Amino acid sequence: MNEYLERVLADTQRKNSNEPEFLQAVKEVLCTIEPVLDVHKEYEQNAVLERMIEPERIITFRVPWIDDSGKIRVNRGYRVQYSSLLGPYKGGLRLHPSVNQSIIKFLGFEQIFKNALTGLPIGGGKGGSDFDPKGKTDNEIMKFCQSFMTELYRHIGQDTDVPAGDIGVGAREIGYLFGQYKRIKGAYEGGVLTGKDTVYGGSLARKEATGYGLIYFMREMLNAHNESFKGKTVTISGAGNVAIYACEKAVEYGAKVVAMSDSNGCIYDENGIDLDLIKQIKEVERGRINKYLEVHSNARYIENNGEFAPIWTIKTDIALPCATQNEITLHDAQILVKNGVIAIGEGANMPCNIDAINYFLENKVLIAPAKAANAGGVAVSAIEMSQNSMRFYHSFEEVDSKLDKIMTNIFNTTNQASKNFGCAGNYVAGANIAAFQKLANAMIAQGVV
Ligand code: NDP
C-alpha cells in the first residue's frame with residue numbers, strides 16, 4: 001500500500017476501532033486499488049477515499065413493539081445512507097440478531113461499489129435491525145415491521161432512499177413495511193421499496209435475481225477460463241433466497257448440487273439436492289433444513305458443532321457461499337483447495353475473509369467477488385423501480401434477459417479492469433477498481449458536497 005492508502009486505512013481504523021466487519025470491508029478495497037491511485041493523482045488531491053469511506057448519514061432508532069403475550073419488546077433499527085453519488089440510496093434491510101452498526105456499515109460500503117457496477121442510476125445504502133424473525137408469528141413480524149417503518153418512513157422515498165430485502169426480509173416483510181408506509185404517507189408511492197410481491201408492484205424475476213445473477217456471472221467467468229457448470233459438483237451454503245435460486249440455475253446449466261445448509265447444519269445428498277423439497281421446507285414452512293431427511297433418508301445431515309462450517313469439508317468443484325459474512329475462513333479455504341475446488345462464487349456479502357481470498361488467489365482458484373457476482377438482486381430492484389415509475393410490468397423473460405445482459409456486462413467490466421491494471425484474472429481487484437473509478441469520477445464531478 002502506498003503512503004496515501006496507509007494513511008487513510010490508519011485513520012479509518014482509529015475512527016472505527018469497534019467495527020471489525022466494516023474495517024475488513026474497507027481494507028479489502030484499499031488493498032486492491034493502488035494501481036489506480038498511482039495513475040490518477042487527482043483522486044488523492046480530491047480526498048476521494050476519505051469521502052467515500054465516510055457514510056453521508058447514519059440513522060439509528062428505537063423500535064418498540066408488543067409480542068403475542070402482550071409483552072413490550074425493544075429493538076434497535078438502522079439505516080446507513082452511504083452514498084447518493086449515482087442515484088437514490090439503494091440497498092436492503094437485514095433482520096438478524098447479529099445486526100449492529102459495523103455490519104450495516106460494511107454492507108452499505110460494499111453496496112455503493114456493487115450498485116456502481118450495475119451501470120444503473122442507484123446510490124448505496126443499507127439498514128436493518130437486531131430483531132430475530134425466527135420463531136415469531138406472522139402477527140409479531142407485522143407489529144415489528146409497522147413499528148420499524150413508523151420511524152423509517154421519514155428518511156426514505158422513491159427519489160431519496162429505496163430499501164429492499166436481505167437476510168430475514170422477504171416478500172412478507174416488504175409487504176408489511178410497504179403497507180405501513182402507504183398508510184402513513186396517504187399516497188401510493190410504489191417505488192419506495194423493492195422486492196414487493198408481484199400482485200402489487202413487484203417485478204417478475206426479482207425473487208430469482210440474485211441467485212440467477214450469480215450463476216450468469218460465473219458462467220462468463222468459467223467460460224473465460226474454458227470451463228462451465230456442465231458436469232460439475234456444487235456445494236451451496238444457506239437455503240434462503242440467494243442459495244435456492246443459485247441452485248436452480250446451476251442445475252439448469254448441468255451442475256449437480258450435492259449440499260445446502262442453514263445456520264444449524266448442512267445436508268449432503270449425493271444424488272443431487274431435491275430443490276422442490278428445500279423450497280417447501282424453507283419458503284413455505286419456514287422450517288429447519290434437517291427436515292429434508294424425513295423425505296430423503298439416504299441423505300446425510302451434519303450439524304454445526306463448533307467454529308467451522310461442515311459444508312466446506314465436502315469435496316466439490318465449485319463452492320457458492322450464499323449465507324452470510326465470513327463463512328469461509330483460511331481453514332475452510334485450505335480444505336476446499338485440498339479437495340480440488342476450481343471456483344468460488346460469492347452469493348453472500350463478504351462470505352470469504354481476507355486470508356481465505358488470498359489463499360484462493362495464490363492457489364489459482366477463480367473467485368467471483370460478491371460486489372460483482374451478487375449484484376443481480378439490486379439490478380432487478382432498479383428495474384422494479386423503473387417499472388413502478390412507468391406504471392407498467394415487464395414479462396419474466398424480459399427482466400431475466402436484462403439481468404443476464406447486466407451480469408455479462410459486469411463480468412466484462414471487471415475482467416477488463418483487472419487486465420488494464422495488471423492483475424488479469426483477479427476479479428476481486430477488477431471489481432473494486434472498476435467500481436472505485438466510476439464513483440471517484442462522479443465524486444470529483446459533483447464537487448465537495
Ligand atoms: P435469507 O434470509 O433468505 O437466507 C439466509 C440463509 O443463510 C438462511 O439459510 C440462513 O439460515 C443462513 N444464515 C443466515 N445467517 C447465518 C449465520 N450467521 N450463520 C449461518 N447461516 C446463516 O437471506 P438471503 O438469501 O437474502 O441473503 C443471503 C446472503 O446474500 C446475505 O449475505 C445477503 O446480504 C446476500 N445478498 C442478498 C441479496 C438478496 O437479494 N436477497 C442480494 C445480494 C446479496 P437460517 O435460516 O438458519 O438463519
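Position 1 is the first residue of the sequence, and the numbers go up from there. Both counts, for ligands and for their atoms, begin at 1 and track the order of listing. All heavy atoms count here, side chains included; hydrogens, waters and symmetry mates do not. From a predicted model like this one, the values you see are computed outputs, not experimental measurements.
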Nearest protein heavy atom to [atom], by residue and atom, and its distance?
atom	result
atom 48 (O) of ligand 1	K134 NZ, 2.9 Å
atom 23 (O) of ligand 1	I167 CA, 3.4 Å
atom 10 (C) of ligand 1	S263 N, 4.5 Å
atom 2 (O) of ligand 1	G168 N, 3.0 Å
atom 41 (N) of ligand 1	N241 OD1, 3.5 Å

Among [options], whose heavy atom sits nearest [atom]?
atom	options	value
atom 19 (N) of ligand 1	V380, T324, I103	T324
atom 28 (C) of ligand 1	A323, G238, A348, A373	A323
atom 5 (C) of ligand 1	G240, G91, G170	G240
atom 40 (O) of ligand 1	T210, N326, I278, T194	T210

May I ask you to identify, for [X], whether its side chain, its backbone, both or neither come under 4.0 Å of ligand 1 on a heavy-atom basis?
X	value
H96	side chain
A164	neither
E208	neither

Next on the checklist: Tell me whether the rings of Y253 and Y216 are parallel (<30°), tilted (30 to 60°) or perpendicular (>60°).
Outcome noted: tilted
Next on the checklist: Looking at K249 and E252, is any side-chain nitrogen of the basic one under 4.0 Å from a carboxylate oxygen of the acidic one?
Outcome noted: yes
Next on the checklist: Taking the six-membered ring of F109 as reference, does the cationic atom of K126 (NZ for Lys, CZ for Arg) lie under 6.0 Å from its centre and within 45° of its axis?
Outcome noted: no
Next on the checklist: Test: side-chain hydrogen bond (donor to acceptor under 3.5 Å, both in side chains). Region: residues 370-382. Which pairs qualify, not counting sequence neighbours?
Outcome noted: E28-K371, K114-N374, T194-S381, R206-S381, N349-N374, K371-N432
Checklist entry - Which pairs, with at least one residue in residues 330-340 and sequence neighbours excluded, count as a side-chain hydrogen bond (donor to acceptor under 3.5 Å, both in side chains)? => result T329-D332
Next on the checklist: Suppose I only count heavy atoms of R94 and a 4.0 Å limit; which atoms of ligand 1 are within that range?
Outcome noted: 31 (C), 32 (O), 33 (C), 34 (O)
